[in-house]
Student: 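Here it is: the structure, laid out below.
The chains referred to below are lettered A, B, ... by the order of the sequence lines, with proteins before strands, and numbering in each begins at 1.
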There are 2 protein chains.
Amino acid sequence: MQQNSIYEIKEFLRSKGINPSLQRIKIYQYLLKNRTHPRVEDIYAELVNEIPTLSKTTIYTTLNLFVSKGIVSKIMIEDGEVRYDIDTTPHGHFKCIKCGRVYDIDIKPSIFKDISTDGHQPIEYHFYVIGICKECLEKEKEEVAQA
Amino acid sequence: MQQNSIYEIKEFLRSKGINPSLQRIKIYQYLLKNRTHPRVEDIYAELVNEIPTLSKTTIYTTLNLFVSKGIVSKIMIEDGEVRYDIDTTPHGHFKCIKCGRVYDIDIKPSIFKDISTDGHQPIEYHFYVIGICKECLEKEKEEVAQA
DNA sequence: ATCATTGCAAACACTTTGCATACGC
DNA sequence: GCGTATGCAAAGTGTTTGCAATGAT
C-alpha cells in the first residue's frame, strides 16, 4: 500500500474481511499517516474533529478488530500504556523517557536467530529500548550551551 | 544473597535504605523464593495466609518502593499484565500463550551492542518472546500419542 | 511522643459490555 | 427489512490516594 487513498483503504480492508465503514476507514487512515504509535486517546482527539459523533468505544472495538485480523499490532512498552502500530513486520521500539515519543528501530532478523529460547517454541519476538532520543539529546546540549 | 534467611533479608533491605517491616520482608522473601515473575494477585493470594490483615495496597506500595530502590524490576509483557522480577540483571523473558507462565531467557550482552538505536541514547534494553513453552509442547505430544 | 507503615474505602483511569439507535445493502 | 456498526451509559479491572488506626523506637 503505497498511496493511501480512501479507495485503496476500502479495498484493503475488504480484502481482509473487514467491512469498510467510515469510522474504520478513518482510523486506518490515521494509523497510516501517523506512524507515531498512537494511543486510543491520540486517535480520538484527532478524529473527533472530523467525526463529531465518534466514540472511544468505536475506536477500541475497531482496533481490536484490526489486531485480530493481523493488520495492526498492539504494543505495550510501559505503565500500561497501550499503543498501536500499523507496521506489523518484526522491528523494535525506542521510547524516550523525556518526551515520551516512540520510535521504530531496525532489528536484523539474524539477531532473533541468535537468541536461544531454551527449548521453548518462539512465535513472536518483541524488543524495545528505553532511553533519551536524538531530539531530546540535542535540546539538552543547546540548553547547556546557552547556560 | 545465597541464603535467604529473614536476618539476611533484613540486613539487605536496610542496606538499601528500606525499613524492614514484616510485610516488606515477607514480600521480598516471596519474590526470592518464587522466581516466576508473580503478579500482585499471586503475591497477595499466598501471603494473605501468613498475614491475614495484609492488604493489596501494601503490596502495591511495597513493590513500588522496591522498584524505586532498584532491587526489583517491573515487567510488562502483554494485556496490561504487570509482573515483578527480583532479577534486575539484563535478561529476556519468554511467555507461554498456553499456560501463561513466564520464563527467563539468557541474552548475550553482545546482542545489545549489535542493535543500532539510530542515534538515540539507550538506557535499558527489554526483550521478550511469546510462544509455547517446553512443558506445553510435551503435553501436546502426549495428547497426540494417546489419540 | 513522634514518625513511618499499614490497610480500608474511595477515587481513578482505561477498557469492555449491554443495549437501543442508526446505517447500508 | 435485516444484519451490522455505532455510541451512550454502565460495569469491570487494576492501581493509586486520602486518611485514620496501628506499630516501632
Student: Would you say Thr61(B)'s side chain and Thr57(B)'s backbone share a donor-acceptor pair under 3.5 angstrom?
Tutor: yes
Student: Taking only Lys NZ, Arg NE, NH1 and NH2, and the carboxylate oxygens of Asp or Glu, determine whether Arg83(A) and Glu81(A) approach each other closer than 4.0 Å.
Tutor: yes
Student: Taking only the side-chain nitrogens and oxygens of Asn19(B), find out if one of them lies under 4.0 Å from OP1 or OP2 of dA24(D).
Tutor: no
Student: Where the side chain of Gln23(B) is defined as all heavy atoms beyond and including C-beta, which of dT15(C), dG7(C), dG7(D) is the nearest nucleotide?
Tutor: dG7(C)
Student: Checking all strands, does Thr58(B) fall into the base, sugar-phosphate, or nothing category for heavy-atom contacts under 4.0 angstrom?
Tutor: base
Student: To the nearest Å, how far apart are Lys74(A) NZ and dT15(C) C1'?
Tutor: 9 Å
Student: The side chain of Ser55(A) lies closest to which of these nucleotides: dC14(C), dC8(D), dG7(C)?
Tutor: dC8(D)
Student: Can you tell me how far P of dG7(C) sits from CG of Leu63(B), to the nearest Å?
Tutor: 14 Å
Student: Separation of Asn64(B) atom CG from dT5(C) atom C1', in whole Å?
Tutor: 15 Å
Student: Within a 6.0 Å radius of atom CG on Asn34(A), are there more than 12 heavy atoms belonging to other residues, nucleotides or ligands?
Tutor: yes
Student: Would you kindly give the CZ-to-C1' distance between Arg14(B) and dT25(D), to the nearest whole Å?
Tutor: 12 Å
Student: Indicate whether OP1 or OP2 belonging to dA4(C) is found under 4.0 Å from a side-chain N or O atom of Ser21(B).
Tutor: no
Student: What is the separation between atom CD1 on Ile18(B) and atom P on dA4(C), rounded to the nearest whole Å?
Tutor: 16 Å
Student: Any salt bridge between Lys98(A) and Glu135(A), counting N to O under 4.0 Å?
Tutor: no
Student: Please report, rounded to the nearest Å, how far the C1' atom of dA24(D) is from the CD1 atom of Ile25(B).
Tutor: 13 Å
Student: To the nearest Å, give me how far apart CZ (Arg24(B)) and P (dG23(D)) are.
Tutor: 16 Å
Student: Return the nearest nucleotide to the side chain of Thr62(A); candidates are dG7(C), dT6(D), dG7(D).
Tutor: dT6(D)
Student: Please determine whether residues Val129(A) and Ile132(A) belong to a single hydrophobic cluster, defined as Ile, Leu, Val, Met, Phe, Trp and Tyr linked transitively by side-chain heavy-atom distances below 4.5 Å.
Tutor: no
Student: From the set dT5(C), dT17(D), dT15(C), return the single nucleotide nearest to any side-chain atom of Tyr60(A).
Tutor: dT15(C)
Student: Let's see if you can work this out: which of dT17(C), dT16(D), dT17(D) has an atom nearest to the side-chain heavy atoms of Thr57(A)?
Tutor: dT17(C)
Student: Rounded to whole angstrom units, what separation is found between the CD1 atom of Ile51(B) and the C1' atom of dT22(D)?
Tutor: 15 Å
